[in-house]
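Working notes, structure below.
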Amino acid sequence: MDNDEFAIKVSGLKKAYKEKDVLKGVTFQVQKGSIFCLLGSNGAGKTTMVKILATLLRMDSGMALIEGQDVKKDGAKVRKRISLTGQFAAVDEILTGRENLEMAARLCHLKDYKMQADKLLRDFHLEDAADKRTAAYSGGMRRRLDIAMSLLGNPSVIFLDEPTTGLDPQSRNAMWNIIEELKESGVTIFLTTQYLEEAEELADQVAILHEGVIIANGTVEEIKKLSSTEYVIFTFNHHESMRKMIKMFVKEISGINEDDQTVSIEIKGGMKQITNIFTTMDQYGIISSSFTQKKATLEDVFLNLVDGAKENRYE
Ligand SMILES: Nc1ncnc2c1ncn2[C@@H]1O[C@H](COP(=O)(O)OP(=O)(O)O)[C@@H](O)[C@H]1O
Ligand SMILES: [Mg+2]
């Protein structure tokens, strides 16, 4: 047995397609029983990473262990421990949900395949639609069935590649609940997403993949702290005051909303900057009706980090 606290260890992993370097030395570790979220924009290399870890694609160099098993050398052992569901559900449309599950269970040589199928239909809230052909299922239902099928082999590490991309908000919420229930069953979940909101909602640990490397890695809270972005948002009743405000703070303003009559200012200089703003407003007779302070969301941090990475490249 392997008593390591990490379910996944990746170090210095590189992968190029022909001339195109996609992963340029990726390193991270995932704690057992946690939800790890690999966050990156479209084309960042998330699917490439997942495919390598799931032994569907070979890395060029580096190392990856899944529950202590070497992805390069012990592919068969790795495959026994994992499941992978991709963005496009692999269910047979001619069959009903129940038939899909029973067939997959029989392929796994499960004797009690009927019971297993029943249980998964219940767990994945597909009982009502169990005997309908999956051709009639919604995208969310198909994706749930796909994940249910992938669990029949009893994996302890589950890869979900963009499980909510293309789903409507209701199906997305249902998927989030299922992912949380999966975690409660003790498995490790490796999730990829383009949505910061999803990482914020689910992840114990987030790693941001950008231009082939991990540019930030930690809990959502830790990542938010990386960039101490804070805003003060002023609301104006009088257009004239708002106009003066914009003129005076043109360099510091990060957002203007004409409809709500608000102006946001990014606070980088702590209390000194805040005091200065109020003093200047007082001096120039700029009157705001209210102001609020706002902490950065993961989205703000992501944009900051990505911008930072761009700037560094050209230095
Ligand atoms: N088989 C392939 N051959 C050549 N380029 C590929 C191949 N698969 C993916 N790519 C390219 O590698 C980059 C990363 O792709 P991918 O891992 O699918 O990103 P993501 O899943 O984050 O959207 C993209 O620029 C994509 O076009
Ligand atoms: Mg992808």
Side-chain angles (χ1 to χ4, degrees), residues 8 10-30 35-64 66 71-72 75 78-79 82-91 139-140 142-144 146-147 149-150 155 157-168 171-172 175-176 178-179 188-203 205-218 220 223 298-299 301-303 305-310 313:
I8 304 174
V10 174
S11 92
L13 193 150
K14 294 186 182 172
K15 174 75 190 174
Y17 295 108
K18 294 214 176 87
E19 302 294 283
K20 189 181 168 65
D21 287 334
V22 175
L23 303 172
K24 303 176 187 168
V26 172
T27 300
F28 62 83
Q29 300 179 325
V30 178
I35 301 183
F36 173 84
C37 189
L38 186 66
L39 181 66
S41 36
N42 198 16
K46 301 180 296 298
T47 299
T48 302
M49 189 71 235
V50 166
K51 281 189 176 163
I52 289 171
L53 293 179
T55 76
L56 300 175
L57 195 66
R58 288 193 76 84
M59 67 184 89
D60 297 334
S61 61
M63 240 249 307
I66 309 268
V71 167
K72 275 194 285 197
V78 168
R79 283 190 289 277
I82 63 165
S83 77
L84 164 62
T85 42
Q87 194 176 331
F88 304 100
V91 301
R142 274 180 216 211
R143 200 118 8 122
R144 293 209 299 275
D146 199 21
I147 296 178
M149 284 162 68
S150 80
V157 177
I158 296 177
F159 291 95
L160 301 169
D161 192 10
E162 299 204 23
T164 65
T165 298
L167 296 188
D168 59 70
S171 308
R172 190 195 58 186
M175 184 62 76
W176 285 356
I178 279 174
I179 293 170
T188 306
I189 298 170
F190 184 114
L191 169 86
T192 74
T193 186
Q194 300 183 41
Y195 306 127
L196 298 133
E197 210 191 335
E198 186 151 293
E200 211 156 5
E201 179 77 22
L202 294 173
Q205 187 192 346
V206 187
I208 301 177
L209 180 63
H210 183 68
E211 307 210 325
V213 293
I214 303 287
I215 57 168
N217 187 351
V220 168
I223 287 187
L298 195 50
E299 174 135 23
V301 175
F302 179 74
L303 293 175
L305 286 169
V306 169
D307 280 349
K310 266 190 207 137
R313 210 168 23 134

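Note that these values count all heavy atoms, side chains included, but never hydrogens, waters or copies made by symmetry. Indexing begins at 1, ligand by ligand and atom by atom, following the structure's order.
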Plane angle bin for F36 and F28 - parallel if under 30°, tilted between 30 and 60°, otherwise perpendicular: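 Correct class here is parallel.
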
Audit row: D161, T192, side chain to side chain donor-acceptor pair (under 3.5 Å) steps and yes/no: CA-CA 5 Å; D161 192 10; T192 74; 2.6 Å; yes

Residue shell around ligand 1, heavy atom under 4.0 angstrom: Y17, K20, V22, S41, N42, G43, A44, G45, K46, T47, T48

Within 6.0 angstrom of K72 NZ, more than 12 heavy atoms from elsewhere: yes

Protein N/O/S neighbour count - the Mg ion (ligand 2), strictly under 2.8 Å: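 Under the 2.8 Å cut-off, the count stands at 1.
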
Side chain to side chain donor-acceptor pair (under 3.5 Å) between E198 and T164, worked out: CA-CA 9 Å; E198 186 151 293; T164 65; 2.4 Å; yes

Validation row: L56, L84 side chains within 4.5 angstrom (heavy atoms):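 L56 reaches L84 side chain to side chain.
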
4.5 Å side-chain heavy-atom contact, M59 and K14: no

Backbone of S171 reached by a side-chain donor or acceptor of D168 within 3.5 Å: yes

Test item: K46 side-chain N/O and G40 main-chain N/O as donor-acceptor pair under 3.5 Å: yes

Sidechain N-carboxylate O distance under 4.0 Å for R172, E197: yes

